[in-house]
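Worth knowing before you read on, the calculation uses all heavy atoms, side chains too, and leaves out hydrogens, waters and symmetry mates.
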Amino acid sequence: MRRTGHIRQRSAGSWELRYSLGTDPATGRRRIITTTLSGDRKAAERELRRLLRAVDTGEHVDPTRLTVRAWLVNWLEIMRQEVSPKSHERYAEIMANFLIPALGNLPLTKLAPIHIQKAYNDWATGGRRDGKVGGLSPRTRRHIHRILRSALTRAVEQQVLARNPADAFKKRLPAIEQRAMTTLTADQSACLLAAIAHTRIYWPVLLALATGMRRGEILALRWKNVDLERGTLRVLESLEQTKTGLRFKGPKSNRHRAITLPAFAVEELRRLKREQAEELLALGIRQSGETLACGRADGQLLQPQSLTHQYTRLIGRVKDLPRVRFHDLRHSHATQLLKDGVHPKIAQERLGHASITTTLDLYSHVTDTMQSDAAERLDAAFRPAIARVLGSK
């Protein structure tokens with residue numbers, strides 16, 4: 001049977017497509033689908049032909065019977081091929097804990113800004129997974145919005161939806177309060193290193209403070225990527241931990257980079273390499289270029305979460321030091337660079353930021369001080385010259 005449909009222009013550049021799915025066996029009535037499309041008449045005709053062909057081949061998805069839950073599950077499966085396992089894991093948690101319970105039972109084509117707004121209001125005052133009183137943080141709510149909007153954008157692209165109802169909130173998202181960054185001074189960093197020098201955690205902490213590398217990058221560092229003669233190392237991999245296990249991947253933003261090491265770090269890494277070779281040899285293992293610099297005693301992978309737990313336990317025992325996270329050691333490295341007058345572009349390259357804007361935004365507390373220093377230097381340069389010129393008149 002040759003199926004037909006109808007096209008009606010709603011407004012300039014907007015078209016209504018109507019076509020039949022045949023007879024509903026439950027009611028005996030014809031099932032008519034109506035959808036809209038932006039573009040010209042030829043685009044509308046092409047889309048109608050595609051829809052009719054999909055009905056004939058059994059590939060048609062009836063948008064009127066598709067729930068938000070079904071679409072989100074479908075989108076999540078698509079994302080499995082497009083994002084990292086860690087990101088996919090986070091998306092799945094957001095879906096299961098927030099989006100599907102709040103919106104999942106609604107028909108996808110009936111989802112409206114008012115439904116989304118109610119969910120956002122509920123999350124602003126409650127919904128915490130730890131059982132504590134209060135709403136989700138602004139950062140978490142913005143993350144939920146980004147995931148929902150991305151999923152619905154894909155529905156629009158595949159013409160399951162005519163428009164994205166989440167677009168209505170682009171300018172009304174909760175503001176994120178910037179928390180004061182806690183970092184260690186050079187003296188505090190030295191005290192920390194001295195306090196943990198007898199532990200295996202000393203080496204990852206040393207690298208974080210000396211290079212600004214991320215936790216996963218440190219745990220993926222192999223000796224073949226460390227040149228102790230030239231005093232440099234290359235960041236080519238990162239170790240990622242998910243619920244399914246460990247895997248190596250490229251660094252964040254896939255930015256491979258070289259980092260020049262300070263002399264004290266070169267000396268300590270020489271010692272590490274020598275002591276590690278002896279330790280492994282005692283176990284019958286030969287150290288090679290593939291050996292991890294910061295692995296376990298047997299040379300195997302050290303889990304990122306294990307490193308964090310061990311570090312947190314140790315720093316809690318060090319007196320007179322702020323309780324900084326392991327990631328704050330990277331911030332301490334960057335802060336020290338900028339305070340010592342290193343150009344922000346160099347700091348960006350060492351940290352592996354995608355752009356210098358990220359570096360300047362993150363460390364604005366340091367650049368404010370740099371502004372004061374710049375003004376003082378300008379004053380020192382101009383004041384004598386101005387005094388000479390004015391004095392000669």
Side-chain angles (χ1 to χ4, degrees), residues 183-239 246 248 250-252 255-283 285-304 306-308 310-311 314-315 318 324 326-337 340 342 346-347 349-352:
T183 60
L184 299 178
T185 65
D187 287 342
Q188 289 173 331
S189 298
C191 289
L192 173 60
L193 289 172
I196 65 173
H198 63 289
T199 71
R200 303 189 72 85
I201 301 302
Y202 171 80
W203 303 110
V205 171
L206 172 77
L207 280 168
L209 289 169
T211 67
M213 293 167 69
R214 301 176 178 90
R215 180 185 65 174
E217 295 169 346
I218 292 171
L219 296 181
L221 181 65
R222 303 178 189 274
W223 284 117
K224 67 180 182 180
N225 294 322
V226 181
D227 189 336
L228 294 174
E229 295 302 318
R230 296 183 178 180
T232 61
L233 61 78
R234 294 179 299 158
V235 180
L236 304 179
E237 292 181 294
S238 181
L239 183 63
L246 301 171
F248 289 102
K252 193 170 183 180
R255 295 182 65 85
H256 296 176
R257 64 191 190 278
I259 300 175
T260 301
L261 295 163
F264 78 86
V266 174
E267 294 168 6
E268 286 294 86
L269 287 176
R270 287 186 191 279
R271 180 167 70 89
L272 168 62
K273 190 173 185 181
R274 182 176 64 253
E275 292 179 357
Q276 184 193 67
E278 295 171 356
E279 188 177 43
L280 290 175
L281 192 59
L283 297 174
I285 304 171
R286 183 177 297 278
Q287 186 188 65
S288 71
E290 296 295 329
T291 303
L292 297 166
C294 295
R296 297 185 336 202
D298 60 359
Q300 295 301 307
L301 296 171
L302 176 61
Q303 294 184 358
S306 178
L307 169 59
T308 297
Q310 293 178 53
Y311 166 81
L314 286 174
I315 197 170
V318 183
V324 296
F326 188 87
H327 194 74
D328 292 328
L329 304 178
R330 169 178 163 86
H331 294 323
S332 300
H333 171 82
T335 299
Q336 193 63 51
L337 287 178
D340 288 344
V342 174
I346 301 300
E349 293 172 354
R350 290 180 71 88
L351 295 169

Name all residues meeting the side chain to side chain contact (heavy atoms under 4.5 Å, CB included) criterion together with [X]; count only those two or more places apart in sequence or in a different chain, and write none if there are none.
{"X": "Asp298", "result": "Leu283, Arg296, Gln300"}
{"X": "Glu237", "result": "Ala220, Arg222, Phe248"}
{"X": "Ser238", "result": "Glu217, Lys249"}
{"X": "Lys273", "result": "Trp223, Leu228, Gln287"}

For [X], which residues count as a salt bridge (charged side-chain N to carboxylate O under 4.0 Å, His left out) partner, sequence neighbours excluded?
{"X": "Lys224", "value": "Glu290"}
{"X": "Arg230", "value": "Asp227"}
{"X": "Glu278", "value": "none"}

Where [X] and [Y] come nearest, the two heavy atoms and their spacing:
{"X": "Ser306", "Y": "Leu302", "value": "OG-CD1, 3.9 Å"}
{"X": "Val266", "Y": "Gly231", "value": "CG2-CA, 3.8 Å"}
{"X": "Arg330", "Y": "Gly212", "value": "NH1-O, 2.6 Å"}
{"X": "Gly299", "Y": "Leu292", "value": "O-CD1, 4.3 Å"}
{"X": "Ile196", "Y": "Thr199", "value": "O-OG1, 2.8 Å"}
{"X": "Leu209", "Y": "Ser189", "value": "CD2-OG, 3.6 Å"}

Can you tell me which residue pairs pass the salt bridge (Lys or Arg N to Asp or Glu O under 4.0 Å) test with a partner in residues 192-208, sequence neighbours excluded? Arg200-Glu279
Ignoring hydrogens and geometry, is there a side-chain-to-backbone donor-acceptor pair from Thr211 to Leu207 under 3.5 Å? yes
Given side chains that start at C-beta, do those of Leu246 and Pro304 come closer than 4.5 Å, heavy atoms only? yes
A side-chain contact here means heavy atoms from C-beta on lying under 4.5 Å apart; do Val226 and Leu221 qualify? yes
Nearest-0.5 Å distance that lies between atom [atom1] in [X] and atom [atom2] in [Y]:
{"X": "Trp203", "Y": "Gln276", "atom1": "CH2", "atom2": "CD", "result": "10.0 Å"}
{"X": "Ile346", "Y": "Leu351", "atom1": "CD1", "atom2": "CG", "result": "11.0 Å"}
{"X": "Ile259", "Y": "Thr232", "atom1": "CD1", "atom2": "OG1", "result": "10.0 Å"}
{"X": "Ile218", "Y": "Leu233", "atom1": "CD1", "atom2": "CG", "result": "9.5 Å"}

Given the rule in the side-chain contact (heavy atoms from CB on, under 4.5 Å) test, do Thr183 and Asp328 qualify, once you have shown the distances and angles that lead to the verdict? CA-CA 6 Å; Thr183 60; Asp328 292 328; 5.6 Å; no
Set of residues satisfying side chain to side chain donor-acceptor pair (under 3.5 Å) with respect to [X], sequence neighbours excluded:
{"X": "Thr260", "value": "none"}
{"X": "Tyr311", "value": "none"}
{"X": "Thr308", "value": "Arg215"}
{"X": "Glu268", "value": "Tyr202, Arg271"}

Check the side chains of Gln336 and Ser332 for a donor-acceptor pair under 3.5 angstrom, ignoring hydrogens and angles. no
May I have the step-by-step check of side-chain contact (heavy atoms from CB on, under 4.5 Å) for Leu206 and Leu272, ending in yes or no? CA-CA 11 Å; Leu206 172 77; Leu272 168 62; over 6 Å; no
